[in-house]
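First comes the structure, then the notes that go with it.
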Amino acid sequence: MKNKSILEGLERKYHSTTIRFFIRSLLVNSLLMLIPLLLIGLYSIFRTTNESTSEAEKKASVILNQADDILETFYTHVDNAYLFFASNPRVTLQLKNAFDEKSLTLDSIKSVENISLNFQNLIYTDGYLRNIYVYYKNDYSRIFVPLSSKLISFPPDKEKDVLNSYGHAGEEDVWMEFSDDPLLYTEYRTPSLLVYRKLYRRTTDIQNGLVIFSFSADKLKSELSGLLEFPDQKLFLMDASSRLVWPSTEEFPEDDLLDLAAQMASLPATSPADAVNLDYKSYTATYLPSPRSYGFSYLLLTPRNEIYRTTISLTSMYIIITLAAIAVACMIAFFKTRHDYKYLDKIISVFSTPDTAVNQIRQPKKGSSSPFEYILFNVIRLFIEQDYLKMQDSEKAAKLQLSKMQALQHQINPHFLHNTLNNIYWESVKLTGSENRCSQMISYLSAIMRYSLSDPQDNVKIQEEINYLKKYLEIMKLRYTDRFDVKFSLAPDCSIYPVKKMILQPLVENAIYHGIKEKKEKGLISISIHRKKDRIYFTIYDTGRGIPADQLASIRAGLKETSRNSNQHIGLANTNSRLVLSYGEGSVLHMNSRCGKFTVIWFSIPVPDET
């Protein structure tokens with residue numbers, strides 16, 4: 001009655017704290033779901049942000065380097081033209097003479113045509129290059145156009161523009177500018193990128209000419225725009241005089257861009273990118289000074305909202321998933337609390353009235369994951385199985401006693417056999433008054449029994465296995481007098497290595513019974529043991545009657561399957577199984593034979609690491 005009142009009190013207490021446990025269950029379930037979600041989500045956002053930043057910097061660097069590679073081809077053409085004139089003073093002299101002649105002579109015309117050939121191939125093969133002009137100051141307003149192989153006259157005002165172009169260049173040898181006006185009146189009006197290169201007199205710093213390359217501005221702009229990854233991405237090109245040569249957009253003031261480029265140029269080489277705000281938008285600015293000595297540089301503006309588009313999407317998805325997880329956690333906590341308390345009531349009922357609860361036992365449904373079902377089932381089963389457990393304990397005690405008796409019996413049997421063999425040995429000695437063949441065989445047999453009756457899975461040194469094998473062979477020699485000789489070849493460095501006990505005896509026995517015994521002539525059994533690298537090799541060779549080819553193939557097939565080939569070769573199959581189980585597939589038996597000549601069996605075991 002006292003126990004019953006205590007259980008009733010506990011039951012009332014559980015019911016009174018239902019709401020409190022519900023709230024606790026809700027918090028536990030929420031934390032278990034939200035903590036991993038928070039950690040994984042924050043880490044994913046952090047990792048994605050870093051990867052997006054790193055990837056954007058790499059892509060920006062690739063874009064700027066590709067843009068520089070495009071313009072690099074322009075600079076290369078200009079430099080090659082300069083080197084052509086600088087290294088061929090005769091060509092320069094011929095061209096200047098043509099410029100100074102009022103009417104071109106036949107020799108000057110031929111010279112101009114020959115010089116034109118050096119440039120025409122370049123113009124025809126380069127998709128960007130439209131034309132090349134070479135100008136030397138002259139009195140006839142002439143300019144050399146290799147594409148037409150002529151010296152063409154142009155209006156004096158155009159010549160003045162060409163000469164005035166030196167003014168903005170200052171000390172620069174190379175500069176560029178975009179122009180919508182053609183250099184000659186004979187050309188179409190189309191945007192061009194003009195690259196200028198000063199020509200100097202040989203071995204002096206005195207300027208005497210100018211070479212001008214005209215590239216397709218539309219194609220260049222299309223090529224550079226094609227490098228951009230995002231629609232709002234902007235690329236700018238500046239020259240050595242801090243002028244904005246090519247803007248991809250007119251959205252930003254030129255002064256702001258030049259100031260930004262100057263700031264970027266002052267940053268360390270390890271920080272080529274920086275976050276900036278222009279026109280109320282956030283950009284990542286990337287700056288690259290051209291590796292060439294002409295002082296050109298590139299500025300790339302990438303919208304940060306494009307760079308972190310994946311991060312923004314991931315963050316939005318993460319917030320939605322978090323809110324959904326909180327709602328799911330509330331639902332799970334509510335239903336789990338109701339489910340758990342239902343089984344708690346049953347457990348209380350079982351402890352209150354165990355006798356009637358025994359009749360209500362139900363096996364948990366298959367696949368059920370509720371721990372309370374198993375708790376309830378096992379609590380009831382505990383009352384039922386008390387007597388059964390007592391019976392099991394008694395049965396275990398009886399089995400233990402029987403095992404002890406059997407162990408004592410196994411100790412008595414070998415002891416009896418040793419004593420009996422010892423008595424027989426001395427009786428045989430008494431009969432003859434000295435050692436005889438019978439007593440020798442008994443002595444060897446007693447030693448073999450002591451060696452073999454211990455656990456066959458024990459490891460022994462190879463030298464011990466050879467000593468045992470010699471005793472066995474002495475018995476066989478007494479049985480088969482003058483039928484065979486034995487030769488041992490044991491490498492000194494192999495004697496201390498361990499090997500499974502009695503691993504060689506079945507193989508030697510097989511050589512005697514199936515080889516030597518079946519042959520009339522005296523035979524030889526050779527046992528060889530040596531080491532090669534990390535393995536020890538065992539070889540048993542006999543000069544018995546050999547094995548026919550078909551029977552040899554059958555035995556080999558049986559050894560590969562690690563099964564018994566026949567009752568006649570059960571020793572081979574058992575030994576092969578022991579080797580495979582003890583040392584792995586690399587230690588299987590190998591066998592070769594020639595009928596009427598010999599039989600040889602060999603195997604190898606790994607050298608133990610501890611040795």
(Q) Assess, by modelled atom type and distance only, whether the side chains of R578 and Y583 contain a donor and an acceptor separated by less than 3.5 Å. (A) no
Q. Do T539 and I527 have side chains that get closer than 4.5 Å, going by heavy atoms?
A. no
With a cut-off of 3.5 Å and sequence neighbours excluded, list every side-chain donor-acceptor pair involving residues 35-45.
unit_1 : atom_1 : unit_2 : atom_2 : d
Y43    : OH     : R47    : NH1    : 2.7
S44    : OG     : I40    : O      : 2.7

**Q.** M476 side chain near F484 side chain, heavy-atom distance below 4.5 Å
**A.** yes
(Q) Let's go through V600 and I540 carefully: what are the C-alpha distance in whole Å and the side-chain angles of both, what is the deciding distance for side-chain contact (heavy atoms from CB on, under 4.5 Å) to 0.1 Å, and is it a yes or a no? (A) CA-CA 6 Å; V600 60; I540 294 88; over 6 Å; no
Q: Report the residue from L504, L559, L507 that forms a side-chain contact (heavy atoms from CB on, under 4.5 Å) with T575.
A: L507
Q | Sequence-distant partners of D485, side chain to side chain contact (heavy atoms under 4.5 Å, CB included), two or more places apart | A | K522, L524
Q.
What I'd like to find out is whether the side chain of K532 reaches to under 4.5 Å of the side chain of Y537, using heavy atoms alone.
A. yes
Q: Taking side chain to side chain donor-acceptor pair (under 3.5 Å) as the test, write out the residues that go with Q463, two or more places apart.
A: N467
Q) How long is the span from the CD1 atom in I462 to the CD1 atom in I503, to the nearest 0.5 Å? A) 11.5 Å
(Q) For D493, is the CG atom crowded, meaning more than 12 foreign heavy atoms sit under 6.0 Å from it? (A) yes
Q: Using side chain to side chain donor-acceptor pair (under 3.5 Å) as the criterion, list what pairs up with N50, not counting sequence neighbours.
A: none
Q. Thinking salt bridges, do E229 and K59 make one under a 4.0 Å N-O criterion?
A. yes
(Q) Let me confirm one number: the CD1-CD distance from I496 to E464, rounded to the nearest 0.5 Å. (A) 12.0 Å
Q) According to the interplanar angle, ranging from 0 to 90°, do the rings of F603 and F538 count as parallel (below 30°), tilted (30 to 60°) or perpendicular (above 60°)? A) parallel
(Q) If we ignore hydrogens and angles and just use 3.5 Å, is the side chain of T73 paired with the main-chain N or O of I70 as donor and acceptor? (A) yes
(Q) Ring of F488, cation from K470 - is the NZ or CZ under 6.0 Å from the centre and inside 45° of the axis? (A) yes
Q.
Could you tell me if the side chain of K477 sits less than 4.5 Å from the side chain of V486, heavy atoms only?
A. yes
(Q) What's the separation between atom CD1 in I605 and atom CD1 in I529, rounded to the nearest 0.5 Å? (A) 9.0 Å
Let me have the donor-acceptor pairs involving side chains of residues 586-594, under 3.5 Å, with sequence neighbours excluded, atom names and distances please.
unit_1 : atom_1 : unit_2 : atom_2 : d
S587   : OG     : R535   : NH2    : 3.1
S587   : OG     : S604   : O      : 2.8
N592   : OD1    : R556   : NH2    : 3.2
S593   : OG     : I547   : N      : 2.9
S593   : OG     : F598   : O      : 2.8
S593   : OG     : T599   : OG1    : 3.0

Q: Could you go through the side-chain contact (heavy atoms from CB on, under 4.5 Å) check for V499 and N459 one step at a time?
A: CA-CA 5 Å; V499 69; N459 287 327; over 6 Å; no
Q | Heavy-atom pair of closest approach, residues L227 and A67 | A | CD1-N, 3.7 Å
Q) If you take all heavy atoms of E465 and V460, which pair is closest and at what distance? A) OE1-CG2, 4.1 Å
Q: Evaluate the criterion side-chain contact (heavy atoms from CB on, under 4.5 Å) for residue pair I601 and N510; output intermediate values, then yes/no.
A: CA-CA 10 Å; I601 301 176; N510 185 79; 4.3 Å; yes
Q: Using only heavy-atom distances, determine whether the side chains of N65 and S61 contain a donor-acceptor pair under 3.5 Å.
A: yes
Q. Heavy atoms, side chains only, cut-off 4.5 Å: are Y497 and K461 in contact?
A. no
**Q.** Any side-chain heavy-atom pair of K487 and I525 under 4.5 Å
**A.** no
(Q) Applying side chain to side chain contact (heavy atoms under 4.5 Å, CB included), can you list everything that pairs with R545, at least two apart in sequence or on another chain? (A) E518
Q) Can you tell me how far the CD1 atom of I512 sits from the CZ atom of R479, to the nearest 0.5 Å? A) 9.0 Å
Q: Please tell me if the side chains of Q66 and V62 come closer than 4.5 Å, counting only heavy atoms from C-beta onward.
A: yes
**Q.** Heavy-atom side-chain contact between Y472 and E509 under 4.5 Å
**A.** yes
Q.
Restricting to non-hydrogen atoms, name the atom on C494 and the atom on I536 that form the minimum distance, rounded to 0.1 Å.
A. SG-CG2, 4.3 Å
(Q) What's the separation between atom CG in L469 and atom CG in L473, rounded to the nearest 0.5 Å? (A) 4.5 Å
Q.
Whether the side chain of S316 engages the backbone of I312 through a donor-acceptor N/O pair (distance < 3.5 Å, no angle test) should be reported.
A. yes
Q. Distance-only, no hydrogens or angles: does the R483 side chain make a donor-acceptor pair with backbone N or O of K517 under 3.5 Å?
A. yes
